[in-house]
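Note sheet for the following structure.
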Amino acid sequence: YKRQGVHIVVRHRTLEHLVTEVASELVAVDANTVHAAYTRVLRSIVEYFGVHAGYLRHHDRSNRSSTMIAEWPARPDSPDPDPLGVVFFQDNPVFAMCENLTVPRIFRPQPETEEYRKRVEKASGFKATSMAVVPLVTTEPIGWVGLIQIGDRDWVDHEIEALAAISTLFAQVKARI
């Protein structure tokens with residue numbers, strides 16, 4: 001079916017199957033195939049959870065910024081420059097909260113996330129969003145995977161645990177490539 005311009009494929013599979021599918025997708029990637037694999041994985045995650053968008057960000061510790069690495073679906077009309085492309089942690093409170101994040105966090109439409117909401121709206125047109133953020137951690141946080149829902153969404157523990165397993169796979173790929 002279709003939800004707000006995003007085609008959602010309803011599949012009857014378990015979270016364990018999703019994590020196994022992601023691991024299979026990422027195990028053999030190299031520098032030439034990694035971006036396409038990231039996009040396919042994000043698509044699988046977005047479709048599985050029935051959310052509006054998913055994305056992967058990596059940290060650049062040298063200049064304290066976060067860079068958009070991949071997203072699903074792609075934003076066809078993303079502005080140039082993209083306000084979500086490279087974001088310096090000190091420039092946005094939600095990004096600042098994610099700089100050293102080591103455990104998953106849910107952001108909901110609230111006054112303290114208004115600056116982030118405006119940035120997302122400028123970049124995507126989404127007005128009110130909630131977001132699950134799961135950090136990529138090696139010896140330190142190196143990025144995060146995020147899922148965005150227009151409006152609000154309740155997340156249950158086993159969903160967050162599966163996303164944490166997937167974020168570990170993303171972190172392993174970043175360390176390897």
Side-chain angles (χ1 to χ4, degrees), residues 19 22 26 34-35 37-39 41-46 48-49 51-75 78-79 81-177:
V19 173
V22 169
L26 295 177
V34 70
H35 188 267
Y38 283 160
T39 302
V41 167
L42 289 170
R43 179 180 182 166
S44 292
I45 296 168
V46 165
Y48 183 89
F49 289 105
V51 295
H52 292 95
Y55 64 91
L56 175 66
R57 301 191 70 86
H58 287 167
H59 292 357
D60 181 340
R61 293 271 175 208
S62 67
N63 67 4
R64 296 195 56 235
S65 68
S66 172
T67 301
M68 178 80 76
I69 301 301
E71 62 185 323
W72 180 264
R75 293 170 290 135
S78 61
D82 184 354
L84 295 175
V86 175
V87 179
F88 294 93
F89 292 116
Q90 71 270 12
D91 291 347
N92 186 280
V94 170
F95 280 82
M97 286 183 245
C98 294
E99 181 177 12
N100 295 304
L101 194 66
T102 58
V103 296
R105 176 141 187 202
I106 307 299
F107 292 95
R108 301 189 183 289
Q110 301 175 28
E112 56 268 13
T113 60
E114 182 62 15
E115 187 176 326
Y116 171 77
R117 188 207 58 79
K118 287 178 181 177
R119 182 180 290 264
V120 169
E121 182 179 1
K122 182 178 178 184
S124 68
F126 295 165
K127 292 189 183 286
T129 62
S130 61
M131 176 175 63
V133 172
V134 183
L136 282 61
V137 180
T138 54
T139 57
E140 64 182 2
I142 59 170
W144 70 84
V145 61
L147 295 179
I148 294 177
Q149 175 69 36
I150 296 174
D152 203 357
R153 183 189 195 283
D154 288 326
W155 292 89
V156 295
D157 289 344
H158 66 275
E159 291 176 325
I160 297 299
E161 290 164 5
L163 287 171
I166 291 168
S167 75
T168 298
L169 297 168
F170 278 127
Q172 290 171 352
V173 170
K174 184 175 188 308
R176 185 170 44 101
I177 294 180

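- Between the side chain of Thr67 and the backbone N or O of Val86 there is no donor-acceptor pair closer than 3.5 Å.
- In this structure, Tyr38 and Lys174 approach most closely via the heavy-atom pair OH-N, 4.1 Å.
- Across all their heavy atoms, Ser167 and Pro135 have their closest contact at OG-O, 3.0 Å.
- Atoms CZ and CZ, from Phe49 and Arg153 in turn, are 7.0 Å apart once rounded to the nearest 0.5 Å.
- Within the 4.5 Å cutoff, side-chain heavy atoms of Ile106 are placed close to those of Arg108.
- Proximity of a side-chain donor or acceptor of Ser65 to a complementary backbone N or O of Arg61 within less than 3.5 Å is not detected.
- A salt bridge between Arg43 and Glu71 is absent, with no side-chain N of the basic residue lying under 4.0 Å from a carboxylate O of the acidic one.
- Closest approach of Gly54 to Leu147, counting heavy atoms only: CA-CD2, 3.8 Å.
- Annotation: Trp144 is not in aromatic contact with His58 [ring centroid separation under 6.0 Å not met].
- Between Val94 and Met131 the shortest side-chain heavy-atom distance falls below 4.5 Å.
- Contact annotation: the side chain of Val41 approaches that of Leu26 to within less than 4.5 Å [non-hydrogen atoms, C-beta and beyond].
- Across every non-hydrogen atom of Val19 and Ala162, the tightest pair is CG2-O, 3.8 Å.
- The shortest distance between side-chain heavy atoms of Tyr55 and Val145 does not fall below 4.5 Å.
- Within the model, atoms CD1 of Ile69 and CG of Leu42 stand 11.0 Å from one another, a figure rounded to the nearest 0.5 Å.
- Between atom NE2 of residue His35 and atom CG of residue Leu56 there is a gap of 9.0 Å, rounded to the nearest 0.5 Å.
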Check: How far apart are the C-alpha atoms of Ser66 and Arg57, what are their side-chain angles, what is the distance that settles it, and do they pass the side chain to side chain donor-acceptor pair (under 3.5 Å) test?
Finding: CA-CA 6 Å; Ser66 172; Arg57 301 191 70 86; 2.5 Å; yes

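- His59 places a side-chain N or O within 3.5 Å of a backbone atom of Glu99 that can act as its donor or acceptor partner.
- The two residues Pro83 and Ala123 have their closest heavy-atom pair at CG-CB, 3.6 Å.
- The closest side-chain heavy-atom distance from Pro141 to Leu101 is not below 4.5 Å.
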Note to self: Could you walk me through whether Val134 and Val103 satisfy the side chain to side chain contact (heavy atoms under 4.5 Å, CB included) test, starting with their C-alpha distance in whole Å, then the side-chain angles of each, then the deciding distance to 0.1 Å, before giving a yes or no?
What the structure shows: CA-CA 7 Å; Val134 183; Val103 296; over 6 Å; no

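- Note that CD1 of Ile45 is 12.5 Å distant from CD of Glu159, once rounded to the nearest 0.5 Å.
- The OH atom of Tyr48 lies 9.5 Å from the CD1 atom of Ile166; values are rounded to the nearest 0.5 Å.
- Few gaps surround CG on Asn63; more than 12 heavy atoms of other groups in view lie less than 6.0 Å from it.
- In this structure, Phe95 has its ring center no closer than 6.0 Å to that of Phe88.
- Put simply, CZ on Phe170 and CD1 on Ile142 are 11.5 Å apart, with the number rounded to the nearest 0.5 Å.
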